[in-house]
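Because the structure is a prediction, the values reported are computed rather than measured. Lettering of chains follows the sequences in order, A, B, ..., and the numbering in each one begins at 1.
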Amino acid sequence: MMHADTLARDKVEAAGQGPLLDVQGLSVAFGPEGRAVYAVNDVSFQLAEGESLAIVGESGSGKSVTMQTLMGLIRKPPGRVTSGRALFRGRDLLAMPDSELRQIRGRDIAMIFQDPMSSLNPVLTIGLQLTEALREHQGLSEREAERQALDMLDLVGIANAAQRMQAFPHQFSGGQLQRIGIAMALVCKPSILIADEPTTALDVTIQAQIVELVARLQKELGMAIIWISHDLSLVAGFVERVAVMYAGSIVETAPVERLFAAPTHPYTIGLLNSIPSLTAANTRLVPIKGAPPNVTLAPTFCAFASRCDHAVARCREAKPVLEPVVSGHAAACWRWRELQGFPRAPGSVMATAQASGAAPNEPLLTVSGLKVHFPIRRGVLRRQVGAVRAVDGVSFEVLRGETLALVGESGCGKSTTGRAVLGLERPSEGEILFEGRDYAEATAERLKERRRDMQMVFQNPFGSLNPRMTVGRIIGEGLRAQKIGTRASREARVSDLLALVGLREAMRDRYPFELSGGQRQRVGIARALAGSPKFIIADEPISALDVSIQAQIVNLLDDLKARLGLTYLFIGHDLSMIRYLSDRVAVMYLGRIVETGTTASVFGTPLHPYTRALLSAIPVPDPKAGGTRRRIVLGGGVPDPSKPPSGCHFHPRCPRASKICAQVAPEPRDFGSSASGQHLVTCHHAGEV
Amino acid sequence: MTEAAIDTGIAAGASRGLWGEAARRFLHHRLATVGLVVLTIIVLACIFAPLIAHYGPNDIDLRGRNQPPGGVHWLGTDGTGRDIFARILYGGRISLSVGFIAVAISAAIGIFVGAVAGYFGGKVDLFLMGLIDMVLTFPRLVIIIAFVAVVGPSILNTMLVIGLLSWPSIARLTRGEILSLRNQEFILAARSLGTSPSVIILEHILPNVLSPILVAITLDVATVILLEASLSFLGLGAQAPAASWGNMLRDARTLSILESQPWMWIPPGAMIAVAVLSINFVGDGLRDALDPQHIIGGGGK
Amino acid sequence: DGGTFRSAMRTGCIEMGTLHTTCGHRLDETVLQGLVHIKWTGDDVQPMLAEGWKTPDGGKTYIFNLRHGVKWHDGTPFTAKDVVFSLNLYANPKVGSPWSQKLGAVAGYKAFQDGSASLLAGVKALDDMTVQVELDSAKPLWVQLQLIAISIFPEHILGKVAPQDIKGNAFWVNRVGTGPFIWKKYESDQYVEVDRSPDYFLGAPKLDRIIYQIYKDVPPIIAALETKEVDAMSYEGGGVPISELARLQKLDYLTVLPKFSAGLPTYLQFNLADKRFADVKVRQAMLYAIDRKAIIETVKQGAGELSNTLFPQDWARAKDLDPYDYNPDKAKQLLAEAGWDGSQPVDFIYYYSDQMNVDTITAIQSYLAAVGVNIQPRLLDPAAINQVYADGTFQMGFFANGMGLDPSLGSPLVVCGAKPLGFGYCNPKLDELFNKGLESADREVRAEAYQEASRILNKELPKAWLWNEVRPLAFNNRIVGLAQHFKEQPLVIFNHAVYNEVEKWEVAK
Amino acid sequence: MLSYLLRKLLLGVPVLFGVTIIVFAIAHAMPGDAVLAMITAEAPSSEELIAMRRGELGLDQPLYIQYLNWIGQILHGNLGRSFVNGRSVAAIIGERLPMTLELMGVALLAAFVIGTTLGVISALRQYRLTDYSLTLGGFVGVSIPDFFMGLLLVYVFALELRWLPSSGISTAGESFSLADNLRHLVLPAAALALFRAAIFMRYARAGMLEVLNQSYMRTARAKGLKPSTIVLRHGLRNALIPLVTVFGLALPTLFGGSVVIETIFQWPGIGLMFIDAVVNRDSPVIMGYVLITAIIVMLANLATDLAYSVLDPRVSYD
Ligand SMILES: Nc1ncnc2c1ncn2[C@@H]1O[C@H](COP(=O)(O)OP(=O)(O)OP(=O)(O)O)[C@@H](O)[C@H]1O
Ligand SMILES: Nc1ncnc2c1ncn2[C@@H]1O[C@H](COP(=O)(O)OP(=O)(O)OP(=O)(O)O)[C@@H](O)[C@H]1O
Ligand SMILES: [Mg+2]
Ligand SMILES: [Mg+2]
């Protein structure tokens with residue numbers, strides 16, 4: 001059996017003809033006929049040996065399902081492949097029995113999954129998880145398998161790999177886990193690597209590391225790559241070809257330069273338009289209007305029609321097929337020819353978002369010397385033996401009516417700061433003044449009052465909504481808790497809020513799981529707005545969303561700021577978005593703020609080495625720039641916040657560190673001018689060029 | 001048009017309250033509905049036992065003892081000529097009420113203690129865990145004998161004793177679930193809105209930890225119905241002439257009856273099994289119904 | 001090879017020793033022995049370690065001539081020292097044996113009890129092989145009534161043990177006796193194994209060994225009988241439960257003796273301190289209300305002998321007793337006359353929880369309910385029963401008492417001030433008759449006294465006499481000499497010696 | 001880890017005090033006492049004798065003094081002497097505990113292995129015939145009380161089939177052999193195990209269903225592993241974690257169950273001892289039993305915690 005198999009493969013390889021992977025007319029549906037979800041509709045694409053292909057598209061457009069179908073990983077039932085073939089080296093993956101497919105999985109085609117933490121088995125050592133596929137497929141001895149796994153770990157840059165083989169997933173940081181996931185996919189040296197949004201959950205610096213890593217490995221190992229993403233700018237730098245998916249179908253496919261230069265399908269155009277530009281600041285973002293497609297309808301028309309400015313009757317009657325635009329570039333749109341003349345960014349974008357009334361100068365919130373330490377207890381008597389210094393001396397002001405952005409690597413203490421401001425975390429030290437008043441010793445009643453004025457949009461759009469409450473109840477919860485208004489008036493207020501955040505009234509009775517990420521995020525915002533607060537802490541409200549939805553939300557926040565005069569503390573790590581929406585920026589590193597200033601001055605003249613590194617890692621939605629930009633890749637990971645380095649926390653990773661940095665913690669110094677406003681930098685070497 | 005489709009899809013379930021929606025989901029769960037119907041039939045039959053059974057549960061007929069099932073006595077008679085069918089119905093009153101009420105007591109205590117321990121943590125948790133360990137190691141036999149002596153034997157006391165002794169497992173379960181839930185962001189969100197701890201426990205935590213607890217509760221009902229039989233052996237529980245499924249089984253505890261008079265033990269045994277099975281299906285249904293994410297009709301096909 | 005006899009035994013008192021408990025005495029019949037032994041006919045005693053005895057003064061002084069040449073199983077000769085030691089041991093207040101009362105008639109017993117004497121003055125060794133026992137007053141039936149169930153212990157072993165340490169002493173799990181079998185091995189809650197003693201003074205046993213298998217529960221014994229894991233379910237096993245009778249009767253390798261063993265009067269107990277039961281009409285009504293014949297025929301499957309008075313012995317019962325035949329109308333009438341308030345429930349205690357007795361109580365409850373007496377049964381265990389008795393916190397109950405060999409043994413149930421079983425009943429006439437019964441050894445004279453007593457008990461019903469318990473026994477036919485032994489005896493007294501002539505039993509080839 | 005264990009053990013001390021105080025009080029609330037329990041009609045005791053025996057046993061003292069005396073003994077490492085036969089409680093328990101542990105150990109293990117296996121199979125075949133049959137069987141299993149299950153097993157395997165002996169731990173009068181002992185063990189262990197296997201099955205099924213939906217299961221499949229490896233190595237390991245709690249909770253109930261089963265099968269363990277002690281109001285033995293079982297339950301809890309940390313590396317106790 002095995003023998004014949006190998007023979008067959010050799011034959012195809014010898015023939016040297018045909019693509020490595022040839023997917024033809026693949027359709028996948030979930031659920032019984034009549035109530036089906038048409039997740040993938042007539043998808044065809046080819047992948048040549050060593051080629052790198054990106055599949056982009058909105059959340060829910062069928063990217064993952066397509067790939068998982070190829071790997072035989074979708075659950076059947078409810079999943080079913082309704083048509084199509086997927087030829088891998090001439091053999092149909094969809095037609096072969098599972099036992100045969102098993103031989104291909106992991107060995108010839110490997111996959112990196114979206115969420116590293118949950119796709120690694122929490123109770124097995126990563127050593128075992130790395131070697132088991134090797135031993136299964138290549139019958140290697142334990143030693144040999146371990147050796148190869150070690151090599152692979154080294155390759156993906158896990159330091160001290162030999163020791164870490166014995167560690168369990170929870171002992172790694174998110175970035176490390178993602179690399180382990182990559183190593184796991186690569187150990188068997190597959191011919192195809194499928195990477196399913198492997199970086200969405202990570203912050204820019206790590207994202208950059210991983211993209212770089214995969215690109216390098218692809219060259220070294222000569223494999224073909226399919227990289228799934230919803231972030232066009234991310235893939236721009238390193239793939240050769242892009243396929244854009246929408247509602248289960250590929251709507252456009254082209255070489256990457258060509259796609260950015262001459263997008264043809266209106267959806268692709270929309271997608272490109274929603275990306276904030278690093279160069280043109282303070283223009284309004286252009287999201288694609290409307291909601292993501294409804295894939296429960298049979299694919300008999302153009303699914304994008306309802307959101308398309310150019311849709312005509314025909315679009316609603318028949319489904320367009322992929323037609324070649326030029327060689328290697330195809331689009332599925334009835335009107336692509338007519339649309340080619342249209343400008344890429346439709347209409348000049350509206351003017352600045354900072355239309356708010358009062359000049360932002362009077363401080364609404366003043367945080368000084370804030371420390372939040374989480375005790376680490378050990379021993380029989382639970383003595384405190386140390387502390388996680390999540391926030392370690394943070395001072396900043398938020399002025400009335402402005403948006404202050406708090407940025408920094410994952411785990412640097414941004415959320416903790418936010419929670420402390422809100423009173424959800426008890427500060428170990430420091431003072432928080434809101435409208436000039438300190439609430440540290442406030443009674444429960446006074447605290448409750450403050451909570452009317454100050455609200456938070458939580459980081460995790462799913463985790464922060466009770467899965468068993470309807471949207472209406474979630475939004476109204478604050479009103480009930482604060483006993484605001486009557487039952488009827490609360491209902492009315494919820495309706496208003498729904499409208500305000502752009503959700504339809506019908507959403508009121510839905511459960512969180514029935515919402516898309518963007519909708520969930522808006523529910524979170526509506527909930528925060530319910531009590532008419534003056535101040536909102538928005539904790540990474542957009543990091544998990546795709547660009548077009550990000551654009552929607554950012555616009556919403558802007559509108560609200562303008563209409564209601566809100567003040568924001570915006571936490572995030574997506575710098576391009578932050579640059580777009582904030583007035584001032586504070587950069588955090590390991591529990592401390594290292595640089596604060598107006599957006600323009602921080603982005604224009606970053607003075608702290610860490611800020612510079614961060615900015616350099618921002619992906620640029622331009623395939624040409626991607627290769628040429630100099631990226632400062634920081635060594636190592638974020639240090640353990642319970643044992644922060646002495647002196648300047650950043651010195652072990654700082655390219656500019658000198659002796660003094662290891663000994664003395666720098667004080668903030670103002671490098672601002674009257675034009676640029678205050679620009680505080682906490683670095684011994686700031687200003688030295 | 002796609003948007004319209006979404007809207008109509010939602011409108012179908014317009015104004016879905018938490019419970020109305022749950023009820024609708026429940027009724028879509030086929031096994032759960034069957035369980036509920038069976039359980040309802042059993043409960044109604046027990047309540048209306050006097051109308052259904054031709055005989056009283058304690059009407060003895062010494063000359064007509066040990067009769068096999070037949071036209072007169074549908075399920076036969078026992079060692080003193082009592083009608084088994086009637087005893088099953090009347091016995092169900094005791095067994096089911098003991099099962100439900102004792103479990104209700106233990107679930108109430110267990111969930112309360114577990115929730116408090118899990119939510120507040122620290123010293124409270126330490127103290128309550130000690131309490132749980134203590135109750136877990138109590139020898140039931142001694143406690144029951146002493147309890148009967150002090151308060152006297154009655155069904156009410158049976159329920160009380162069982163309830164007071166069997167809550168620790170549910171408390172542990174609840175505590176564990178809550179520990180893992182306590183730091184979820186939606187709890188933080190509720191706190192930040194100024195929601196009070198009691199409302200947080202009731203509205204946010206409990207609905208989300210209910211599913212494993214429901215499994216434990218449904219299994220507990222069976223255990224309790226059986227426990228009542230052992231208790232009546234010790235003097236607590238249903239006293240001599242009164243019937244309960246458990247003590248009907250216990251009365252059949254001789255080799256002769258086991259071998260040649262199966263009509264004395266199969267009916268009570270089967271009733272326990274059917275009741276427990278139905279309760280479990282209802283529990284499954286309830287669990288799925290309270291979980292909006294569960295695909296309707298996914299269970300029990 | 002004489003083979004093994006396996007007998008089921010329901011007891012856990014081996015470790016405690018026979019001095020402190022009433023259970024486990026059957027074992028002593030095969031290992032330890034007394035001066036005398038009950039005859040298997042159940043109506044007299046036969047000499048054992050005492051070859052013979054005489055009483056020169058009509059029952060005040062007894063002189064026992066001990067058997068010569070008897071050796072303890074460890075080889076030490078048996079002498080009068082052992083007898084004197086053993087009787088003192090029973091009476092020793094520091095030992096605290098419940099059997100102590102059996103020697104209550106011996107001279108010097110009081111002084112021994114209150115500490116003014118350190119020995120029983122009335123017990124003396126006249127020489128190595130002769131023992132004299134002097135009583136406070138003449139008791140012509142003393143040997144027959146009191147000396148049974150008193151085993152003689154080896155002085156050379158137990159004499160070294162302090163009296164307060166006798167209970168639970170290692171001796172009890174490694175007994176040294178003079179009987180037909182030698183203690184071999186004891187496994188707690190499992191079995192006792194005894195092997196034949198070739199030197200037994202009545203002749204070497206034919207069986208090689210006896211294994212007493214200990215059971216707490218009855219169904220396992222029935223199963224073991226069926227699977228031939230045990231050979232006998234006899235007294236020490238508690239008798240075959242009625243519910244399993246039919247099943248065992250079907251097995252051809254078993255001899256089932258359905259009507260054997262009695263001497264257990266079963267009755268409804270009244271708390272006479274409670275006003276509701278003070279009127280004799282109420283008590284009589286209870287008996288009229290219950291169809292005892294039906295209960296015996298059905299629930300008890302014949303395992304009961306209708307009785308209308310205390311004594312199980314035929315000769316002690318008058319012939320003209322009121323039969324209290326089933327008559328619910330009469331019962332209602334009597335209750336009405338007594339002004340019975342049927343709305344008040346009656347607290348009714350019991351402690352036999354086996355199938356037959358629970359069925360019986362069910363039947364009684366149903367019969368009583370039919371005449372307006374609403375009893376509410378309450379199951380208690382022995383300790384609780386004794387507590388309830390001591391406190392008098394009950395109204396009615398269902399009980400049986402082992403009466404044993406002689407009608408005189410029934411007195412603790414009914415004489416004035418009897419504790420704990422009297423419950424306020426007192427009739428001086430009756431007490432007088434009981435005393436009269438003990439003053440003579442003449443059966444005729446005694447019968448007259450007891451028959452008169454039986455009439456009083458029948459009329460006044462201090463307890464409502466229901467029946468005498470009959471317990472079926474079952475034996476495997478492979479043990480020859482056992483079942484036959486019982487077949488000859490129409491009604492065996494419950495306290496009857498079982499292992500009488502055990503040396504003659506054998507395993508069928 | 002070590003300090004965690006120490007801390008747990010230290011915390012156990014007040015719990016043990018609590019248990020013993022409460023049980024002591026409750027045991028004395030039982031009607032009757034050791035002296036009354038020994039009275040029978042055959043050998044009625046005088047009131048003086050009763051008083052004397054009470055004095056001897058210390059039952060005439062106030063309850064708290066009795067408890068203090070008892071605890072004093074315990075602190076000297078002495079469990080006291082049985083009221084009934086005067087033997088040392090430690091010796092009695094020492095003799096019998098191994099029997100009970102053998103029975104319970106085998107039963108628990110069998111229940112766990114059988115229950116888990118069937119639960120996993122049931123989960124893998126969710127909503128198919130196998131699943132339904134196992135579920136039904138499981139519920140019939142939890143509907144048969146220990147005492148009836150024991151009888152049923154005896155009837156079928158000892159009486160009808162004659163495969164196994166009906167009671168005892170070994171054939172009486174023969175020298176002990178392990179094979180003989182194991183033959184005797186089968187029925188009582190099965191009677192104890194079946195009910196619990198059914199319960200384990202329910203939990204194992206739920207746990208496995210949960211695990212099957214986890215993304216690491218998909219990863220394992222994506223690696224092309226054998227189905228058996230996927231289920232056993234990746235699935236079961238994770239499904240076992242919640243089961244460990246149920247396992248720990250089953251232990252105390254097993255002590256209760258073994259009282260019944262030891263009686264039915266005449267298994268001479270501490271359950272049989274305990275029931276005698278309760279009937280006899282033998283409070284030193286009752287208290288000895290309570291103390292020992294409480295300690296065992298607590299140690300088992302600790303072992304559960306350890307097993308937890310072995311099975312789930314994310315759990316760390318420090
Ligand atoms: N098991 C399933 N049952 C029903 N519908 C499903 C199932 N799995 C996926 N779908 C649906 O199929 C569609 C495509 O899902 P898929 O996961 O491929 O999206 P995606 O493009 O990977 O999105 P994302 O960017 O959010 O990962 C979605 O509408 C999804 O709801
Ligand atoms: N309750 C807690 N106990 C102990 N450590 C904590 C606790 N909460 C947070 N931490 C630690 O404090 C540090 C800061 O956490 P925080 O959530 O504020 O980071 P963040 O900047 O919001 O990161 P991200 O971008 O990943 O959300 C982290 O190292 C985290 O592990
Ligand atoms: Mg996806
Ligand atoms: Mg955060």
Report which part of [X] has an atom under 4.5 Å of a heavy atom belonging to chain D: side chain, backbone, both, or neither.
{"X": "C:K94", "value": "backbone"}
{"X": "C:S97", "value": "backbone"}
{"X": "C:Q213", "value": "side chain"}

Test item: [X] side-chain N/O and [Y] main-chain N/O as donor-acceptor pair under 3.5 Å:
{"X": "C:Q190", "Y": "D:A172", "result": "no"}
{"X": "D:Q266", "Y": "C:K216", "result": "yes"}
{"X": "C:N386", "Y": "D:L36", "result": "yes"}

Between [options], who has the most heavy-atom pairs with chain C when the cutoff is under 4.5 Å?
{"options": "D:G269, D:S170, D:P31", "value": "D:P31"}
{"options": "D:M30, D:E95, D:R96", "value": "D:R96"}
{"options": "D:A34, D:S88, D:P165, D:G150", "value": "D:P165"}

Is the shortest side-chain heavy-atom distance between [X] and [Y] below 4.5 Å?
{"X": "C:E229", "Y": "D:T171", "value": "no"}
{"X": "D:S167", "Y": "C:Y215", "value": "yes"}
{"X": "D:E174", "Y": "C:I211", "value": "no"}
{"X": "D:L151", "Y": "C:P219", "value": "yes"}
{"X": "C:E187", "Y": "D:P268", "value": "no"}

Q) Between the side chains of C:T227 and D:R162, is a donor N or O closer than 3.5 angstrom to an acceptor N or O? A)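 Distance-only check fails for C:T227 and D:R162.
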Examine whether an atom of [X] lies under 4.5 Å from a heavy atom of chain C, and if so say whether it belongs to the side chain, the backbone or both; otherwise answer neither.
{"X": "D:D33", "answer": "backbone"}
{"X": "D:V154", "answer": "side chain"}
{"X": "D:F83", "answer": "backbone"}
{"X": "D:I169", "answer": "both"}
{"X": "D:E56", "answer": "side chain"}

Q. Quick one: of C:P382, C:A223, C:A390, who has the most non-hydrogen atom pairs under 4.5 Å with chain D?
A.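 The option with the most such pairs is C:A223.
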Q.
With chain D as the partner, which of C:G17, C:S188, C:A170, C:A224 has the greatest number of non-hydrogen pairs under 4.5 Å?
A.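 Most heavy-atom pairs under 4.5 Å with chain D: C:S188.
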Q: In plain terms, say whether D:R81 and C:D165 are close enough for a salt bridge, that is, a side-chain N and a carboxylate O under 4.0 Å apart.
A: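 No.
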Q: Drop me the distance from D:W267's CH2 to C:D189's CG, to the nearest 0.5 angstrom.
A: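 Rounded to the nearest 0.5 Å, the CH2-CG separation comes out at 13.0 Å.
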Q) For D:Y64, does the OH atom sit with more than 12 other heavy atoms under 6.0 Å from it, leaving out its own atoms? A)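 It does not: D:Y64 OH has 12 such atoms or fewer within range.
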